[in-house]
Amino acid sequence: MEKTTFYFGLSALLLTLTQVNVSSAAELPQLNQLPAPFAIAIHGGAGTIQKSKFTPEKEAAYRAKLSQAVETGYKVLHNGGSSLDAVTAAINVLENSPFFNAGKGAVYTYDETHEMDASIMFGKSRQAGAVAGVKHIENPINLARLVMDESVHVMLSGEGAEQFAKTQGVELVDNKLFDTEHRYKSLLKSKQRMQKAKSKNKDYRAAHDSLEVEYKVGTVGAVALDSQGNIAAGTSTGGMTNKRFGRIGDSPVIGAGTFADNSSCAVSATGHGEYFIRYNVAADICARVQYQGKTIEQAGQEVIHDVLMPVGGTGGVIIIDKQGNISMPFNTQGMYRGKKSSNTPTYVAIFADE
Ligand code: ASP
């Protein structure tokens with residue numbers, strides 16, 4: 001090929017490429033004008049939640065608290081804050097309320113104390129932080145966040161987690177701060193039932209299995225998408241009523257109770273933790289989205305209804321993706337839940353049929 005022909009050909013090609021770039025660049029400002037979506041979803045536990053057990057006043061109070069959590073997280077996103085900050089802010093509202101099994105209102109262990117678990121994960125980097133079995137931390141989700149941001153570890157437990165808290169200037173509080181009368185009654189009832197089951201010659205495991213679901217569930221969590229396009233998930237819990245032997249549930253286990261990855265979805269779970277750990281629920285949902293091209297709706301339905309339900313795993317999840325789609329499947333009678341996005345209004349629900 002003649003040198004000149006080659007150069008001519010090359011410059012023609014470059015010119016064409018430049019023109020393509022110029023014309024698509026001319027369209028870009030229009031695309032950029034579309035506001036980036038942002039959204040949040042929260043849950044306050046799934047379980048045997050029957051309408052007949054609510055007075056109108058009690059129902060209104062629960063709905064108001066769920067709504068407050070949604071609005072608090074949404075406001076962070078609306079002001080340009082990160083999904084991690086929105087998740088933390090929404091969960092703090094629920095932890096500080098005695099209605100839910102996290103922070104104030106956490107269930108009692110067999111030894112009549114409170115042991116709390118929490119975790120948080122950021123979808124952009126897959127960084128995560130978790131605490132398990134902490135007794136003196138007012139807002140366990142905040143400590144999980146500090147583990148993620150300020151330590152070289154992912155999960156800290158018990159006294160070690162609390163020593164770390166002190167190094168971060170977190171005040172340790174009296175375990176009695178988490179006491180509530182209704183949770184104490186629930187512990188006594190659960191012990192009575194276990195005693196009855198034992199006297200029928202059932203072993204500890206069978207006696208525990210015989211407990212109704214309401215003693216085993218009731219956690220809080222949030223998932224969010226921020227206007228920078230990053231998703232996050234967080235979960236906080238008092239665990240299971242009457243738990244013994246330092247039992248840890250799924251909530252602080254990354255992949256089981258909490259998971260977030262920008263390339264698939266963010267999930268926070270609530271339910272019978274042992275099943276959620278064994279079936280790696282949160283990560284399984286996101287794996288179906290990432291590797292099988294499923295929507296979050298399909299993936300959530302499959303894991304909650306087709307995988308967990310047949311083996312007796314009760315509970316639910318909240319899921320969000322990078323487009324701001326939200327799905328909230330559960331296989332129990334109800335799940336305290338709520339959501340709001342930059343293009344949909346606040347929605348709060350408790351029972352299955354709403
Ligand atoms: N998943 C929690 C646990 O097993 C309980 C719950 O969600 O209510 O510790």
Side-chain angles (χ1 to χ4, degrees), residues 41-49 62 66 91 94-95 97-110 113-120 130-135 140-141 144 155 157-158 178 180 182-183 186-187 190 205 208-209 211-223 233-259 267-285 303-304 308 311-319 328-337 350:
I42 58 135
H43 71 76
T48 325
I49 306 170
Y62 271 81
L66 292 169
I91 289 179
L94 300 170
E95 283 179 332
S97 160
F99 294 166
F100 305 98
N101 174 17
K104 173 111 185 121
V107 297
Y108 284 81
T109 64
Y110 180 85
T113 62
H114 309 275
E115 292 176 5
M116 292 159 288
D117 308 328
S119 68
I120 192 159
V131 291
V134 293
K135 292 184 178 175
I141 195 69
M155 189 191 278
S157 70
F178 309 107
T180 51
H182 68 289
R183 296 291 186 202
S186 194
L187 173 71
S190 155
R205 181 180 170 158
H208 199 271
D209 284 349
L211 282 178
E212 285 162 12
V213 156
E214 69 187 86
Y215 296 112
K216 301 175 183 169
V217 298
T219 286
V220 311
V223 293
T235 312
S236 181
T237 189
M240 199 183 266
T241 304
N242 206 3
K243 63 185 181 181
R244 292 184 87 171
F245 316 123
R247 180 261 186 193
I248 305 291
D250 60 315
S251 307
V253 179
I254 296 301
T258 302
F259 190 76
V267 177
S268 169
T270 172
H272 195 161
E274 280 67 10
Y275 290 87
F276 282 67
I277 295 175
R278 287 168 53 208
Y279 287 87
N280 198 32
V281 166
D284 188 8
I285 291 173
V303 174
I304 297 301
L308 281 184
V311 295
T314 46
V317 287
I318 50 173
I319 321 169
M328 308 197 275
F330 54 95
N331 62 26
T332 47
Q333 285 185 356
M335 179 164 85
Y336 297 105
R337 58 201 188 277
I350 300 177

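In what follows, every heavy atom counts, from backbone to side chain, and hydrogens, waters and symmetry copies are set aside. Ligands are counted one by one from 1 in listed order, and the atoms in each one are counted from 1 as well. The residues of the chain are indexed from 1 along the displayed sequence.
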With a 4.0 Å cut-off on heavy atoms, is Gly271 touching ligand 1?
yes

Contact check: Met240 vs ligand 1, nitrogen or oxygen atoms, below 3.5 angstrom
no

Measure the spacing between CD1 of Ile141 and CG of Leu94 and express it to the nearest 0.5 Å.
11.0 Å

Any heavy atom of Arg247 closer to ligand 1 than 4.0 angstrom?
yes

Derivation and outcome, side chain to side chain donor-acceptor pair (under 3.5 Å), residues Ser268 and Thr235
CA-CA 6 Å; Ser268 169; Thr235 312; 2.8 Å; yes

Is a donor on one side and an acceptor on the other found under 3.5 Å between the side chain of Asp117 and the backbone of Pro252?
no

Please determine if Thr219 has a nitrogen or oxygen closer than 3.5 Å to a nitrogen or oxygen of ligand 1.
yes

Evaluate whether atom NZ of Lys104 has more than 12 neighbouring non-hydrogen atoms of other residues, nucleotides or ligands under 6.0 angstrom away.
yes

Check: Val223 and Ile319 side chains under 4.5 Å, non-hydrogen atoms:
no

If we ignore hydrogens and angles and just use 3.5 Å, is the side chain of Asn331 paired with the main-chain N or O of Leu308 as donor and acceptor?
no

Looking only at distances, please establish whether an N/O atom of ligand 1 is found under 3.5 Å from an N/O atom of Gly249.
no

Note: Glu115-Arg247 ion pair, threshold 4.0 Å (strictly below):
no

May I ask you to list the atoms of ligand 1 that are less than 4.0 angstrom from any heavy atom of Ser251?
1 (N), 2 (C)

Hey, which atoms in ligand 1 end up nearer than 4.0 Å to a heavy atom of Thr270?
6 (C), 7 (O), 8 (O)

Below 4.0 angstrom from a heavy atom of Asp250, which ligand 1 atoms are there? Numbered from 1 as shown, please.
1 (N), 2 (C), 3 (C), 4 (O)

Does only the side chain of Glu115 get under 4.0 Å from ligand 1, or the backbone, or both, or neither? Count heavy atoms.
neither

Would you check if the side chain of His43 reaches a backbone N or O of Arg337 as a donor-acceptor pair within less than 3.5 Å?
no

Before signing off on this row, confirm whether Thr237 and ligand 1 have an N or O atom pair separated by under 3.5 Å.
no

With backbone taken as N, CA, C and O and side chain as the heavy atoms from C-beta onward, which portion of Ala46 lies under 4.0 Å from ligand 1: side chain, backbone, both, or neither?
neither

